There are 2 protein chains.
Amino acid sequence: MQPGGDILARRLAALAPLSEAERRMLAVDPSQRVRRTPARADIVREGDAPGDLRLLLSGWAARYKMLDDGRRQIVGLLLPGDLFDLHMTVLHELDHSIAALTDLRLVEIPHERLDQVLRGSGAIARALRRYTLMGAAIQREWLLSLGQRTAFERLGHLLCEIHIRLSMVGLTNGNACDMPMTQTEMADATGITPVHVNRTLQEMRARGLIVLKGRILEIPDLDQLKQVSLFSDAYLQSLGARRPPGQVVALGAA
Amino acid sequence: MQPGGDILARRLAALAPLSEAERRMLAVDPSQRVRRTPARADIVREGDAPGDLRLLLSGWAARYKMLDDGRRQIVGLLLPGDLFDLHMTVLHELDHSIAALTDLRLVEIPHERLDQVLRGSGAIARALRRYTLMGAAIQREWLLSLGQRTAFERLGHLLCEIHIRLSMVGLTNGNACDMPMTQTEMADATGITPVHVNRTLQEMRARGLIVLKGRILEIPDLDQLKQVSLFSDAYLQSLGARRPPGQVVALGAA
DNA sequence: CGCGACCTTGACGCCTGTCAACACACGTGG
DNA sequence: CCACGTGTGTTGACAGGCGTCAAGGTCGCG
């Protein structure tokens with residue numbers, strides 16, 4: 001299997017329990033052509049006609065919108081294992097663009113193949129519905145961030161979300177994970193200024209909340225960062241696979 | 001037919017052309033019980049289990065999220081004809097609440113009835129898919145507002161959007177439309193302070209951009225308000241019913 | 001008539017934006 | 001091997017948009 005060929009199975013298994021057979025249905029077909037895109041290129045441009053469903057095998061991308069005077073807002077982050085433009089075929093043209101933040105590897109999934117998989121497994125269909133809802137929940141949480149959280153909280157919240165989303169597909173290494181975004185990109189995602197992002201990151205470093213160096217993020221104490229960022233993981237966890245009934249979890253554990 | 005019984009047909013007809021028969025399929029069954037909710041009540045609370053699909057016959061509501069310390073962000077507006085919790089059944093609990101901004105009249109639509117209508121008409125199914133995408137597009141536009149627009153632009157943008165969304169279901173009266181939100185609610189929707197909302201509205205009034213009095217909004221020159229608010233209707237219009245091919249629109253019109 | 005919800009206004013201050021250098025890493029070409 | 005350019009990160013000084021606090025004002029309703 002190609003590197004990351006099981007990333008979609010890992011992604012969806014976090015949302016609904018999948019059998020071994022279902023996971024195999026989600027593996028990337030080795031014969032499938034993998035498209036590569038260099039960092040900083042647009043892979044979708046506002047006004048384009050929507051195309052096929054796509055799966056991000058590796059690399060990070062960002063949905064963004066711009067104002068005429070150049071102000072830019074990143075409205076969503078696409079991490080490895082993310083699908084995009086799932087339901088877009090009924091649109092005439094897109095209202096936003098998507099830019100590669102790093103070099104990307106992605107595959108296109110024809111809609112016939114998607115329909116075939118959905119018909120073949122109710123669990124996968126359910127997982128995909130949950131996946132769509134998780135995207136909407138994340139968007140609402142971002143609205144809450146942009147509207148109500150301070151610059152410090154927004155940035156902390158973003159870092160928590162990234163770490164958790166990466167851990168859902170097995171891309172964290174203990175407390176550490178990749179963080180390839182530049183400070184300018186973080187600024188566009190959080191609606192603050194690059195200069196202020198820098199100042200705020202300095203403060204987080206000074207307080208020992210993060211270690212961010214060489215495109216690697218380390219969060220020594222995730223709970224503490226969550227707390228100071230007013231991060232509540234309900235919006236990501238309420239979508240997870242339901243725990244099997246009767247299983248007792250850490251009841252009175254030390 | 002009850003008052004507003006054809007509101008859903010009007011809503012969806014703006015997204016895809018519907019036949020007379022299809023419009024009748026969308027009419028509210030007169031035998032259906034209409035639920036009423038008083039202003040300021042929560043109709044959905046964070047943590048609730050998702051219920052049936054609901055249709056807002058009349059009145060306004062708002063999705064919102066709160067932080068522990070009381071800060072509140074309105075993350076979406078529900079206007080007459082809006083459906084909500086369309087795909088929520090796969091969730092265990094909701095990540096946000098919905099509050100009535102005015103007295104409401106709404107009906108619940110059992111999922112069997114929805115499936116039946118969807119199977120009965122491809123056009124309605126397509127309109128509903130577009131409707132879902134329009135909701136996502138509005139959310140992205142709000143993210144752009146909260147992240148990049150100034151307080152003045154955010155407020156102007158909100159008023160433009162409301163006027164246009166109401167006009168799509170025939171609820172405007174020339175330049176005028178209802179505007180039952182309090183300034184505090186506008187503040188929660190735009191991420192600014194009630195005090196500053198007031199100051200900004202004063203400025204818009206002074207510049208002749210709006211007349212807002214007694215829960216009625218009048219926009220003397222919508223194009224001008226759009227311009228100063230950096231409002232681009234692409235995000236709402238790209239979803240509209242495609243124009244019949246061959247029809248020439250205002251080509252060289254005076 | 002009094003109370004509550006909402007709107008309005010003023011004074012003051014801070015969080016964050018703006019502007020402007022400078023440092024640093026990296027790749028490229030001479 | 002070094003000069004150079006470009007993208008990124010860092011820092012300081014300053015300012016302004018917006019938040020905060022506080023005090024009325026208006027309206028409708030019990």
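Because the structure is predicted, anything quoted here is derived from the model rather than measured. Proteins get letters first, then strands, A, B, ... in listed order; numbering begins at 1 in each. Side-chain atoms are counted along with the backbone in the values below, which use heavy atoms only and exclude waters and symmetry mates.
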- Between A:Glu141 and A:Arg149, is there a side-chain N and carboxylate O pair less than 4.0 Å apart? yes

- Item | Atom-to-atom span, CZ of A:Arg40 to C1' of D:dT6 - whole angstrom | 10 Å

- Within this structure, what is the CD-to-C1' distance between A:Gln202 and C:dT16, rounded to whole angstrom? 16 Å

- Please work out which residues in residues 188-198 of chain A have a non-hydrogen atom less than 4.0 Å from an atom of DNA chain C and list them by number. A:Gly191, A:Ile192, A:Thr193, A:Val195, A:His196

- Determine, step by step, whether B:Leu222 and B:Lys226 satisfy the side chain to side chain contact (heavy atoms under 4.5 Å, CB included) criterion, reporting the C-alpha distance in whole Å, the side-chain angles of both residues, the deciding distance to 0.1 Å, and the verdict. CA-CA 6 Å; B:Leu222 184 56; B:Lys226 282 182 182 175; 3.9 Å; yes

- For B:His157, what residues pass the ring-ring contact (aromatic ring centres under 6.0 Å, His included) criterion, not counting sequence neighbours? B:Phe231, B:Tyr235

- Item | Criterion salt bridge (Lys or Arg N to Asp or Glu O under 4.0 Å) on B:Arg207 and B:Glu203, from CA distance to verdict | CA-CA 6 Å; B:Arg207 289 169 59 176; B:Glu203 187 190 343; 3.3 Å; yes

- Task: Starting from P on D:dT8, measure out to CG on A:Leu201 and report it in whole angstrom.
- Result: 15 Å

- Note on the structure: Rounded to whole Å, CG of A:Leu101 lies from C1' of D:dG7 at a distance of 15 Å

- Any A:Tyr131 side-chain heavy atom under 4.5 Å of A:Leu8 side chain: no

- Message: Between B:Asp82 and B:Phe84 (side chain of the first, backbone of the second, donor and acceptor by atom type, cut-off under 3.5 Å), is there such a pair?
- Response: no

- How close or far is atom C1' of C:dT16 from atom CG of B:Leu146, stated in whole angstroms? 16 Å

- Thinking salt bridges, do A:Asp85 and A:Arg63 make one under a 4.0 Å N-O criterion? yes

- Task: May I ask you to check whether A:Ser145 and A:Arg154 show a side-chain donor-acceptor distance below 3.5 Å?
- Result: no

- Query: Does the pair A:Arg36/A:Asp103 count as a salt bridge with the N-to-O cut at 4.0 Å?
  - Reply: no

Which atoms of nucleotides 23-30 of chain D (N or O only) lie under 3.5 Å from a protein N or O atom, and what are those distances?
none

- Message: Between A:Glu46 and A:Lys65, does any NZ, NE, NH1 or NH2 come within less than 4.0 Å of an OD or OE carboxylate oxygen?
- Response: no

- Message: Apply side chain to side chain contact (heavy atoms under 4.5 Å, CB included) to residues A:Leu78 and A:Leu101 and explain how you reach the verdict.
- Response: CA-CA 9 Å; A:Leu78 299 173; A:Leu101 299 179; over 6 Å; no

- Return the minimal non-hydrogen interatomic distance between A:Leu106 and A:Leu56, and the atom names on each side. CB-CA, 4.2 Å

- Going by distance alone, is a donor N or O of one side chain under 3.5 Å from an acceptor N or O of the other, for A:Trp142 and A:Glu161? yes

- Query: Hey, is the main chain of A:Val169 close enough, under 3.5 Å, to the side chain of A:Arg11 for a donor-acceptor pair?
  - Reply: no

- Message: Looking at B:Arg199 and D:dG17, is any side-chain donor or acceptor paired with a base atom of the opposite kind under 3.5 Å?
- Response: no

Can you give me the N/O atom pairs linking the protein to nucleotides 22-27 of chain C at distances under 3.5 Å, or say none if there are none?
none

- Note on the structure: note: B:Leu212, atom CG; C:dC6, atom C1'; distance rounded to Å ~ 13 Å

- Atom-pair distance (CZ on B:Arg71; P on D:dG19), nearest Å: 12 Å

- Message: If you take any heavy atom closer than 4.0 Å to DNA chain C, which residues from residues 147-162 of chain A end up in contact?
- Response: A:Thr150, A:Ala151

- Query: Would you call A:Leu55 and A:Leu83 a side-chain contact if the rule is heavy atoms closer than 4.5 Å?
  - Reply: yes

- Item | Among A:Thr182, A:Thr102, A:Asp178, side-chain contact (heavy atoms from CB on, under 4.5 Å) partner for A:Arg215 | A:Thr182

- Message: With a cut-off of less than 4.0 Å, is there a side-chain N or O of B:Gln183 near OP1 or OP2 of C:dT8?
- Response: yes

- Task: Work out how much the helix from C:dC1-D:dG30 to C:dG30-D:dC1 bends between its end axes, five pairs an end, to the nearest 10 degrees.
- Result: 30°

